[in-house]
Amino acid sequence: MQNQYNPAVLEAEVQSSWVNNRTFEVSEDPNKEKFYCLSMFPYPSGKLHMGHVRNYTIGDVIARYQRMLGKNVLQPMGWDAFGLPAENAALKNRVAPAGWTYENIEYMKKQLKRLGFGYDWRRELATCQPEYYQWEQWLFIELFKKGLVYRKNAVVNWDPVDQTVLANEQVVDGRGWRSGALVERREIPQWFIKITDYADELLDEIDQLEGWPEQVRTMQRNWIGRSFGVQMDFGIEGQTEVLTIYTTRPDTLMGVTYVAVAAEHPLALRAAEQNPELADFIEACRQGGTTEAELETIEKKGMPLGINAVHPVSGEIIPVYAANFVLMGYGTGAVMAVPGHDERDHAFAIKYNIPIKQVIRPKDGSSLDIQAGAYVEKGILQDSGPFSELSSEEAFDAIADWLQERGKGAKSKNYRLRDWGVSRQRYWGTPIPMIHCAQCGIVPVPQEELPVRLPEDIVYDESTINPIKNNSEFSACRCPKCGGEAERETDTFDTFMESSWYYARYTSPGADAMLDERANYWLPVDQYVGGIEHAVLHLLYARFYHKLLRDAGLVKSDEPFTHLLTQGMVVADTYYREKADGNRDWFNPTEIDLVCDEKGRPLTAKLKADSEPVVIGGNEKMSKSKNNGIDPQALIDRYGADTVRLYTMFTSPPDQSLEWRDDGVEGAYRFLKRLWALVESQQTTLSTLLPGEVAYGESQKESRRELHELLKKALYDYQRHRFNNVVSACMGMTNILYKLGGSKADMVILKEGLSLVLRLLAPISPHVAHHLWRELGFGDEILESDWPEPDEDALKQESLAYVVQVNGKVRATIQVPAGAEKSVAEQLALENENVLRFIGDLTIRKVIVVPNKLVNIVAN
RNA sequence: GCCCGGGUGGCGAAAUUGGUAGACGCAAGAGACUUAAAAUCUCUCGACCUUCGGGUCGUGCCGGUUCGAUUCCGGCCCCGGGCACCA
């Protein structure tokens, strides 16, 4: 009786053999080509979700593939352990964030091991450990000393009831998520790192990141958004100070009919002192959140300050408005407005009855109605005094020069990118290593006193929002400069700080420095794998941090990640019911029965519990808030890791979003069982089969040709990371093997075919592949076997199938001898009955022959 | 609002990215085996027409380039991701 496929038992056995043999523990080996394969580390939220499973399977497949190619492969894993969810859990369950986090890590680590990922666990790190974050504190102080760190006011979401700063996620429909109070914008002092000092390098080097998806490179370029424009000063009537603005369209300068400043601009605040109506307006402008999406879509409102600006060229007097869409924190907090040539300014001018002037006309001389809509293209200047009749391009230089000569402005380079605000008013994060001294001001913590430890033994009750904010035990300290009483900074770092350098720390576990020389063996990361949602922020901060590490002498490379694979989202249907208070109850897909029509289209969805209908909300990224996550654990328990891995690889290409459906998992499981049964049924024969000369018949040659054709395709798909196609090819090869007969020659082909399938499958479903490889006597460790190569002899064909088209429509397929001249293919095509039928009386005008593919006969 | 993707059978997808649209799998249907069921195996499976040879249409929509377009170009529609304090 043959062995049954029992993944739970098999996978445990194989995994313990990997542990015992230390299969995935690696060290620096200068004689071998290194390959550093990294998946984005998880936030320890509780348990793995499908997005993790997908991410880490992709990473593990690449790591094992590269290993089978003979490289020295490093694949580490760790935990992005600081963050908001731990504080939320703490508030909800009255447990300390540290304990909650470490328990989650323990559970999720078990899950990762159960999935058979080949990590070198000796390098594991959690970012909430002082041994980790102390180096971040150390680097921050280094940056402070270099002048790359500064403090300034920045806008946050303020909950006026809970008296706390809210994360964007905690603002729901303009209200605080706990208090329900309308959120306000407020400015508080925060720490910034000068990422804009590196903007040019970050932008220009994108060109060299050839292993990155073009999509991500484009997003980063646009995010940095370098523009060339002019900075200039508008005078203020009756005052000596000036309003400095930046524009990319100085050619429209003569069309300026007003200037807008932020509601919090000092000019507006001063004007409000004598103007209660304006004061109310400024107060009203505080309302709302801070996200760009919100600011760009709010109703644009403004109010004249009763102050006038002086046009730098014409000396014309123009009104200054306070406007809710201009933010103090961004740029200079003031903009010039050209309603004739900017859509937003146009809408604002119509609303407040401000004059609209046309100063640019189309180059083609066509006329337009500037009152009806802005003309935003470049063109020829008109009504622009000395600059009239210049082109927009000429005017750019002429106006910039004019301003510069008079000390009123200059050409200037600008970025959309803003400096990195790293302060967070939260507990569960890395303490910012700074001290506030009444005498000496800001003083960094002496580096020999690091780490500044975050107190972890915190007692939570309902009122605990931030346990270190008013905790004198933590904040009271001595000033390192004058020795007097001082206070510690109680803000913590943005968690992007930790995730910006973890990839480097994996290379230097235990180092008594931020990094040691091992970093330069492994870095840069050869393949980074993670969600597309990180395309800009995380990936840009990590690139920036790498340059900071380089400039601190810690690494030699310029960029952290040579190749990037951005995996698509795992999405699932959402289902909800509207509650009386307007909020929604979200139901998990597993709680839902779909009622479909005969074609399988969903008609309605009903909740299993009460058989009443629910609203189908559409496909969205799996998330807690929409309750549409699928717990992978149940699938692993039922089918085993190999099946779950196989299914997630097979069902979509890695960079596309994966629409979750349970059905397909069964198919993946069936395939593994089929492969298992094929090996086990012939195990005795195959394991003792000696290689020898065999003569293949025609159908056997054809089987071998098809096998090697599929192998060739699979190898190509491995290179381009199309693992869904690799699985397809494995299935196709297995189907061919099932159709073989029982002769000696068939057995030889079966054994050869299995050796190919198992090696192709080894990175994807490693436990099964490992076991069957040994069963067939190929060797002890499939990971150490040679990567397969197609047999060119097997691929040779005597004749090839050509498609014959008449006027672009397929009319026949014909067999043409391999390597035949074009004329031979043409002649054979013209002998075909169906082809002749369609040519009929028509005259042949042209015959196109694409070698090995088709013949197209053009006739009329 | 801005930036970036995507849209192909009932479903997930494939097409070596200008050359046979739908490989592989799921679901469904029919049959074989079985007392029966499960499992397994075989066949069918885009739509319409058909004299059963084949024909017409079909890759979100409209238009263009080409002997030939899922693929390239222009314009739209819908869906998803990001927008700096979720990670």
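Lettering of chains follows the sequences in order, A, B, ..., and the numbering in each one begins at 1. Just so it is clear, the values below take in all heavy atoms, side chains as well, and ignore hydrogens, waters and symmetry mates.
Remark: C1' of B/C3 and CG of A/L295 are 16 Å apart, rounded to the nearest angstrom. The interatomic distance linking A/D717 (CG) with B/C24 (P) rounds to 15 Å, in whole Å. Atom CD of A/E659 and atom C1' of B/G10 are 14 Å apart (whole Å). For A/E709 and B/A23, the CD to C1' distance is 13 Å, given to the nearest whole Å. A straight line from NE2 of A/H346 to P of B/G1 spans 18 Å, rounded to a whole angstrom. Note: CG (A/L646) to P (B/C24) measures 16 Å, nearest angstrom. One atom, CG of A/L540, and another, P of B/C3, lie 18 Å apart when rounded to the nearest Å. To the nearest angstrom, P of B/C24 lies 11 Å from CD of A/E706.
Nearer to the 5' terminus of RNA chain B, by closest-nucleotide assignment, is the contact made by A/K713 (compared with the other of A/K853 and A/K713). Looking at which nucleotide of RNA chain B each of A/L854 and A/Q656 is closest to, the 5′-most match is held by A/Q656.
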Applying ring-ring contact (aromatic ring centres under 6.0 Å, His included) to A/F348 and A/H346, what does each step give before you reach the verdict? CA-CA 5 Å; A/F348 192 88; A/H346 192 275; over 10 Å; no
In sequence, state the C-alpha distance, the side-chain angles, and the governing distance for A/L737 and A/L675, and then conclude on side chain to side chain contact (heavy atoms under 4.5 Å, CB included). CA-CA 10 Å; A/L737 298 180; A/L675 181 62; 5.8 Å; no
Begin from the C-alpha positions of A/S799 and A/Q815 and carry the test side-chain hydrogen bond (donor to acceptor under 3.5 Å, both in side chains) through to its verdict. CA-CA 6 Å; A/S799 70; A/Q815 288 294 320; 2.7 Å; yes
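A/Y133 and A/F493 have their aromatic ring centers separated by at least 6.0 angstrom.
Across all strands shown, the partner of B/C26 is B/G10, judged by Watson-Crick or G-U wobble contacts whose two distances both fall under 3.5 Å. Nucleotide B/C48 is matched to B/G55 when pairs are restricted to Watson-Crick or G-U wobble geometry with both distances under 3.5 angstrom. Across all strands shown, B/U20 remains unpaired; no Watson-Crick or G-U wobble contact has both distances below 3.5 Å. Pairing of B/U40, defined by two Watson-Crick or G-U wobble distances under 3.5 Å, is identified with B/A32. A 3.5 Å limit on both hydrogen-bonding distances identifies no Watson-Crick or G-U partner for B/U70. Searching all strands for a Watson-Crick or G-U wobble partner of B/A15 with both distances below 3.5 Å returns nothing. When Watson-Crick and G-U wobble pairs are counted only if both distances are under 3.5 Å, B/C85 pairs with no nucleotide at all. Across all strands shown, the partner of B/G80 is B/C4, judged by Watson-Crick or G-U wobble contacts whose two distances both fall under 3.5 Å.
Between the side chains of A/W191 and A/E489, at least one donor N or O lies within less than 3.5 Å of an accepting N or O. Side chain to side chain, A/N168 and A/T291 fail the donor-acceptor criterion of an N or O pair below 3.5 Å.
Within the 4.0 Å cut-off from OP1 or OP2 of B/C41, at least one side-chain nitrogen or oxygen of A/R674 is found. Close to B/A15, at under 4.0 Å from its OP1 or OP2, lies a side-chain N or O of A/N725. In terms of phosphate contacts, A/N724 brings no side-chain nitrogen or oxygen within less than 4.0 Å of OP1 or OP2 of B/C24.
In this structure, A/R720 reaches the sugar-phosphate backbone alone: every heavy-atom distance under 4.0 Å involves primed, P, OP1 or OP2 atoms, never a base. Among the protein residues, A/T297 comes within range of the nucleic acid bases, having at least one heavy atom under 4.0 Å from a base atom. As judged by a 4.0 angstrom heavy-atom cut-off over every strand, A/D655 is placed among residues making no nucleic acid contact. Nucleic acid contact class of A/R722 (heavy atoms, under 4.0 Å, all strands): sugar-phosphate only.
Nucleotides B/C57 and B/C4 are separated by 37 Å at their P atoms, to the nearest Å. Separation of the C1' atoms belonging to B/C45 and B/A30 is 11 Å when rounded to the nearest angstrom. Rounded to the nearest Å, the gap between the P atom of B/G74 and that of B/G5 is 13 Å. Straight-line distance between the C1' atoms of B/A32 and B/C24: roughly 25 Å, to the nearest whole Å. With both ends at atom C1', the span from B/G46 to B/U40 equals 29 Å, rounded to whole Å. Nucleotides B/C11 and B/C48 have their P atoms positioned 15 Å apart, rounded to a whole Å. Here, B/A15 and B/U8 have their P atoms 15 Å apart, quoted to the whole Å. Separation of the P atoms belonging to B/G63 and B/G54 is 32 Å when rounded to the nearest angstrom.
Taking the six-membered ring where tryptophan is involved, the planes of A/H538 and A/H534 are perpendicular, since the angle between them exceeds 60° and thus also 30°. Between A/W420 and A/Y545, the two ring planes are perpendicular [angle over 60°; tilted spans 30° to 60°]. The aromatic rings of A/Y669 and A/Y639 sit perpendicular to each other, their planes meeting at more than 60°, with 30° as the lower class boundary.
Not a single donor-acceptor contact under 3.5 angstrom links the side-chain atoms of A/S728 to the base of B/A14.
One finds a salt bridge joining A/E292 and A/R416 here, because a Lys/Arg side-chain nitrogen approaches an Asp/Glu carboxylate oxygen to under 4.0 Å.
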Determine, for nucleotides 51-58 of chain B in 5'-to-3' order, which nucleotides have protein heavy atoms under 4.0 Å from the base (write B), from only the sugar-phosphate (write S), or from neither (write -). ---SSSS-
Walk along nucleotides 65-87 of chain B from 5' to 3' and tag each nucleotide B, S or - by protein heavy-atom contact under 4.0 Å, base first, then sugar-phosphate. --B------------SSSBBBSB
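Near RNA chain B, meaning a heavy atom under 4.0 Å from it, residues 665-672 of chain A has A/G667, A/R670 in order of number.
For B/G9, the base is syn relative to its sugar; the glycosidic angle is within 90° of 0. For B/G5, the base adopts the anti conformation, since its glycosidic angle falls more than 90 degrees from zero.
With hydrogens and angles disregarded, no donor-acceptor distance shorter than 3.5 Å links the side chain of A/H708 to the backbone of A/L711. Although no hydrogens or angles enter the test, the distance criterion places a donor-acceptor pair under 3.5 Å between the side chain of A/R645 and the main chain of A/I764. The main-chain N or O of A/I195 is found under 3.5 Å from a side-chain atom of A/D419 such that the two form a donor-acceptor pair. Judged by distance alone, the side chain of A/R151 and the main-chain N or O of A/Q190 form no donor-acceptor pair under 3.5 Å.
Side chains of A/M497 and A/T430 form no contact here, defined as non-hydrogen atoms less than 4.5 Å apart.
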